[in-house]
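Protein chains get the first letters and strands the later ones, always in sequence-line order, with residue 1 at the start of each.
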There are 2 protein chains.
Amino acid sequence: MTSMAPEERIGSHLKRAEQALLAAKNAACKPAAVTVPQYAALLWLAEKPGISAAALARLCGVTPPTMNTVLKNLQERGLIERTPHEWHRNVLETRLTDEGRTVMELADSGAVRVERALAAAFTGEERELLIELLGRCAEVLDAQR
Amino acid sequence: MTSMAPEERIGSHLKRAEQALLAAKNAACKPAAVTVPQYAALLWLAEKPGISAAALARLCGVTPPTMNTVLKNLQERGLIERTPHEWHRNVLETRLTDEGRTVMELADSGAVRVERALAAAFTGEERELLIELLGRCAEVLDAQR
DNA sequence: GAATGTATGTTAGAGCTCTAATGCATGCAA
DNA sequence: TTGCATGCATTAGAGCTCTAACATACATTC
């Protein structure tokens, strides 16, 4: 018997929590009519104007082709603009448009509401502990690869 | 200032850990040439032979159309077979083939290895606490919707 | 100057995921 | 019997995600 019951697998509980997070954030982003990955990109773009798509991908924890897909959809909706870099001709600088900033702020208010509700479920001590334990998960799992 | 720093967001850490989990499980499933969702479906199918696709979807935490996609790929590879239910003609009973069972066992050994490594990063007390905290996350987030 | 290395951007292809809508079958109730 | 509710299966369409591969541009080194 080499197998393992689902409830014993930490991964099951991690996945379950992540799924709930995604669903909640998705609902929170709905008024702004953006997806969660789109919101994540917009949020980082507000903080780092002119960033390259590859760097943005690293910040968002996705691969460059994935970010490419997300940015394409954002550009078609006019929420971002991409202009060639003055020196490095191969690099495209990405920036929020005015509408993009408005949409980002709308989505952010929903996302922050979710995060505050989540944080409110824990004491300060529990929150720190949870973050520490999650960090250890990521560390161990990255090493596994 | 209604926004919130990424490091303060529990969701960021949750997502980070989940991403690492997915990457590790993906690597673990690679020798069996199945994806993580495919492995999850195969694992449940081994335990509940003849289950309907909708019920399987609920167990795996995805929607029926999603499970449909996964099962279609598994069927094309000959890892499962689907036969009409004797009474409820609308229902398809899904079962592992012999090859499906072999592949599932290969993938499972890799997945269990990941889970054991993950569990080994914590004391028994920490593990229980982490699971409890993750459960509270899911609860609060589901209520948010 | 030429070769190598590093980083960016893009395309192609496979697969997962969702919502929305539709069709079908079964069972229950008026 | 007719109608309604429930549940299963499927299709359509949009979007995210990855790996693999390729092209381009800049920087460093020989």
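- Counting any heavy atom pair closer than 4.0 Å across all strands shown, A/Thr69 reaches a base atom.
- Regarding A/Leu71, its CG atom lies at a distance of 9 Å from the P atom of C/dT10, rounded to whole Å.
- Residue contacts for A/Thr63: at a heavy-atom cut-off of 4.0 Å it reaches a base atom on one of the strands shown.
- Listed candidates were C/dC18, D/dC8, D/dA20. Nearest to the side chain of B/Asn90 is D/dC8.
- Put simply, B/Asn68 has a side-chain N or O that comes within less than 4.0 Å of OP1 or OP2 on D/dT10.
- Minimum atom distance to the side chain of A/Pro64 is reached by C/dT10, of the listed D/dC8, C/dT10, D/dA9.
- Note that CH2 of B/Trp44 is 8.5 Å distant from CD1 of B/Ile51, once rounded to the nearest 0.5 Å.
- The A/Asn73 side chain lies nearest to D/dG15 when the options are D/dT11, C/dC18, D/dG15.
- For the pair B/Ser52 (side chain) and B/Val91 (backbone), a donor-acceptor distance under 3.5 Å is absent.
- Residues A/Glu132 and A/Arg136 are paired through a salt bridge, judged by an N-O separation under 4.0 Å between the basic side chain and the carboxylate.
- Straight-line distance from the NZ atom of B/Lys72 to the C1' atom of D/dT11: 10 Å, rounded to whole Å.
- For B/Glu18 and D/dC16, the CD to P distance is 18 Å, given to the nearest whole Å.
- Put simply, the side chain of B/Arg16 never gets that close to the backbone of A/Ala138: no donor and acceptor are under 3.5 Å apart.
- Residue B/Thr66 is in base contact, counting any heavy-atom pair closer than 4.0 Å across all strands shown.
- Atom CG in B/Asn26 sits about 13 Å away from atom P in C/dG15, given to the nearest Å.
- Nearest-nucleotide positions on DNA chain C place A/Val91 closer to the 5' end than the other of B/Gly61 and A/Val91.
- Between the side chain of A/Glu115 and the backbone N or O of B/Ile10 there is at least one donor-acceptor pair closer than 3.5 Å.
- Following rounding to the nearest Å, B/Leu56 (CG) and C/dC16 (C1') show an atom-to-atom distance of 15 Å.
- Of the candidates C/dA20, D/dC18, D/dC16, the closest approach to any side-chain atom of B/Pro65 belongs to C/dA20.
- No engagement by B/Val36 is indicated, since no non-hydrogen atom pair under 4.0 Å with the nucleic acid exists.
- The CG atom of B/Leu79 sits 11.5 Å away from atom CE of B/Met104, with the distance rounded to the nearest 0.5 Å.
- The separation between A/Leu21 atom CG and C/dC18 atom C1' is 16 Å, rounded to whole Å.
- Atom OG1 of residue A/Thr97 and atom CD of residue A/Gln75 lie 10.5 Å apart, to the nearest 0.5 angstrom.
- Of the side-chain N and O atoms in B/Arg77, none sit less than 4.0 angstrom from OP1 or OP2 of C/dA14.
- Put simply, the side chain of A/Arg101 never gets that close to the backbone of A/Leu96: no donor and acceptor are under 3.5 Å apart.
- In this structure, A/Glu76 atom CD and D/dA14 atom P are separated by 11 Å, rounded to whole Å.
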Note, DNA chain D 5' to 3' with Watson-Crick or G-U pairs under 3.5 Å encoded as ( ), [ ], | and . gives ||||||||||||||||||||||||||||||
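- Between A/Gln19 and A/Arg82, it is A/Arg82 whose nearest contact on DNA chain C lies nearer the 5' terminus.
- Between A/Met67 atom CE and D/dC16 atom C1' there is a gap of 11 Å when expressed in whole angstrom units.
- With distances taken from any side-chain atom of A/Val62 to the nucleotides D/dC18, C/dG9, C/dG15, the minimum falls on D/dC18.
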